[in-house]
Chemist: 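Structure provided below as structure tokens; questions to follow.
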Amino acid sequence: MSEIITVTGTVEEIIYTNPDNGYTVCGIDSADEGLFTAVGYMPFISEGESVALSGNWTTHPDYGEQFKAEYYETVLPSDEEAILKYLGSGIVQGIREATANKLVEHFGCDVLNIMLQEPERLSEIKGISKEKARKIGAAFAQLQSMQNIVMFLQQYGITANMAVKVHNSLGADSVDMIKKNPYILSDMVDGISFKTADSIAFNMGLPKNSLLRIRAGIKYILRDAGYTNGHVYLPKTVLIEHAVYTLKVEEDEVLSAVSELITAKEIIYAKTDNEDVYYPYEYYEAEYYIARRLVAMSQNTQKFTMTSDAAEKAIDVLEKDTDLCLAPEQRNAVVTALSCGCMVLTGGPGTGKTTTINTIIRLLEDLKLSIALAAPTGRAAKRMSEVTGCEAKTIHRLLGTQRNAEGYSIFTHNEENPLTADVIILDEVSMIDVSLMSSFLKAVKYGAKLILSGDADQLPSVGPGNVIHDIIESETIPVIQLNKIFRQAEESLIIVNAHRINRGELPFLDDKSGDFFFLKRKTPQESAFTVMDLFKNRLPKSYGVNPVSSIQVLSPTKKGYAGTIALNKLLQSHINPYDERRPQHIYGNTIFRVGDKVMQTKNNYDIPYSREKGEDGMGIFNGDMGIIENIFVREKYMTVVFDEDKTVEYPFTNLDELDLAYAMTVHKSQGNEFPIVIMPVCSFAPMLMSRNLFYTAVTRARDMVVLVGSEKTIQNMTNNNQYRRRFTGLAEKLMAVRNFAEAKEFSIEE
């Protein structure tokens, strides 16, 4: 690596700057180097400022020699000419060239100091009111604050782009807050890990047994258990042992920090299954709120409901007037939906959930009730719209988002501003974690009817909790399980095999005439190349499909030859190879090219999208899939089209939110349906060789499933019905709330 050198000079010209990430191209006038071009992440610099840039000289193929800045420091200009240029550049909101001339003429070289210390004096200038003077002072102070945080964090290896995020999260007092508690970075800034905050704390001289560190470490362990394993809480013994090992501190020090966190209501102590456990505060509150609202809704037997007899008669009339003929299970589900305030409808593919839901919707519409349909993902909502003929929205779109006073994104609909719908039907509930379910229920108006639909045998949510499983286990809410496979569904080997897998029976693998195929391969490498050949050549040629839009590769894992990382690189190299005529951009270990299939990997409530037809909006969410439409290399951003009509601009610094999506994990595929699914079935980690993962993958396919790999793996996955236990408390809370309500003989919702 080249040795870092430092050059100093004055910013003569800002040639280009990206306001989203601070990437800047500027002309520097240096006494030692003359006039040269500097590039790098240098947010908030302006013409007229003196700068010290640390980095290296590079040669750009088009623009020649440049100085690539890794770090920078700024010094406010001190002579009148430089100050005039600095203020005239427009970097301070409210000041342009004419105003800059007046300020420098009146205050001379003291003007910057006055703006910072005595901004009200700016009203001495004709045309500047006291209100405008205060606003100019505030804007200048914020600018200085931003530059301070960028330069402060640079010494700890935090990029300028990330420093901007820190400032946006923590505000003007960021530096002082970090000096007092560096772990506030991992607590409050998305993208900064506990490990990074811990490294900064170490460099600042904070001892490893500091209570600040141990408290932050405990919260990190609890949150990480939720993100990686779906746990809502951890048993005391597990948490203490994990904290001692991870933080390299003594047990009594951990216990002391736990006590402080409980006092501060940052974690919650509870007793579950006769053991002491600890929750992150927000997860405990989410579970308790879910329990309280669901039990309350189940008590709602008056508003928007009818008697069982009336429901039976309504079904009879509908069947007489139409070709509808409900099976007993379906009829029971419809009666329950019409006569209860809250219910769960569950069942596998081909068991008539769609017909049942459509019948419920038809009869609810006859009652003149307003109905909202929602699902966790865009694809699931689109499929719900297609099968019901009614508009369905994602949960996030249904709830809406806005910024609160502190600048954080919150849902528009909540307890103070509930949804107006009389009935809400929520599909794919197995995907929903406790945080989203709690937010959703807060937006449901009191007295409304709720119908939860999903397949309880699929994988649980990616996030913390196991909502639908816990609701069913609690036996507090009416649950209707559809089991009968209808005759037309029996013609699909996908549906037949899905139910065989769910019963622990091997799927039929030797039927070459149906929609379910198995290709035997000896190694993961052979499987991966067969997957590529199927995706690129064999399936498109045989069935006339577009591989990018019609075929989805699902893998249990990210790692290995048959994992999503390697498969995405392999598929991209054959489906969308390098072409010097088309732009591409490398971000980390991923190459993004125009035409690539990509997926959003985290919720981003603040990113705007535009539509040619329909309303523009905000928010792209975890699991949303799109196609890269264009890459603007010089401007440092690219455009992605989601759901065929939502165009989003991604600054290159936000590409950590995107992954290639030719192949995705089975977990990420939940809630989606694809025409054709290809799945490598090789030797994977034992925790991934499970029946519900296999079942989930197969049920993602609408028209065809192709398995590639080992029959032994298929057998192992089918036989393994061991669920990885999630530490969740929703079932217990539901039973406790119901028992309390019954003992007190009152409605919780009153």
Chemist: Would you call R134 and E131 a salt bridge, using N to O less than 4.0 angstrom?
Modeler: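 Yes, charged N to carboxylate O under 4.0 Å.
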Chemist: At their closest point, which heavy atom of L399 faces which heavy atom of A443, and how far apart are they?
Modeler: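 The pair with the smallest heavy-atom distance is CD2-CB, 3.4 Å.
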Chemist: Report the distance from atom CG of N568 to atom CE of M599, rounding to the nearest 0.5 Å.
Modeler: 8.5 Å
Chemist: Testing E80, E47, E97, E12 one by one against K85 for a salt bridge (Lys or Arg N to Asp or Glu O under 4.0 Å), which residue passes?
Modeler: E12
Chemist: Atom NZ of residue position K248 - does it have more than 12 heavy atoms of other residues, nucleotides or ligands inside 6.0 Å?
Modeler: yes
Chemist: Is it true that E415 and Y289 share a donor-acceptor pair across their side chains at a distance under 3.5 Å?
Modeler: yes
Chemist: According to the ring pair (Phe, Tyr, Trp, His ring centres under 6.0 Å) rule, which pairs have a member within residues 192-211, sequence neighbours left out?
Modeler: Y183-F194, F194-Y220
Chemist: Please list, chain by chain and in numerical order, all residues satisfying side chain to side chain contact (heavy atoms under 4.5 Å, CB included) with T8, sequence neighbours excluded.
Modeler: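 T8 satisfies side chain to side chain contact (heavy atoms under 4.5 Å, CB included) with A52 once adjacent residues are dropped.
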Chemist: Take atom OH in Y71; do more than 12 heavy atoms of anything else shown fall under 6.0 Å from it?
Modeler: no
Chemist: Among residues at least two apart in sequence or on other chains, which ones pass side-chain hydrogen bond (donor to acceptor under 3.5 Å, both in side chains) with T196?
Modeler: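 If we apply the side-chain hydrogen bond (donor to acceptor under 3.5 Å, both in side chains) test to T196, skipping adjacent residues, the hits are S193.
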Chemist: Under a 4.0 Å N-O cut-off, is there an ion pair linking D656 with K602?
Modeler: yes
Chemist: Which atom pair, heavy atoms only, marks the closest approach of V258 to I218?
Modeler: CG2-CD1, 3.6 Å
Chemist: Charged N to carboxylate O under 4.0 angstrom, D187 versus R223?
Modeler: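 The answer is yes: the pair qualifies as a salt bridge.
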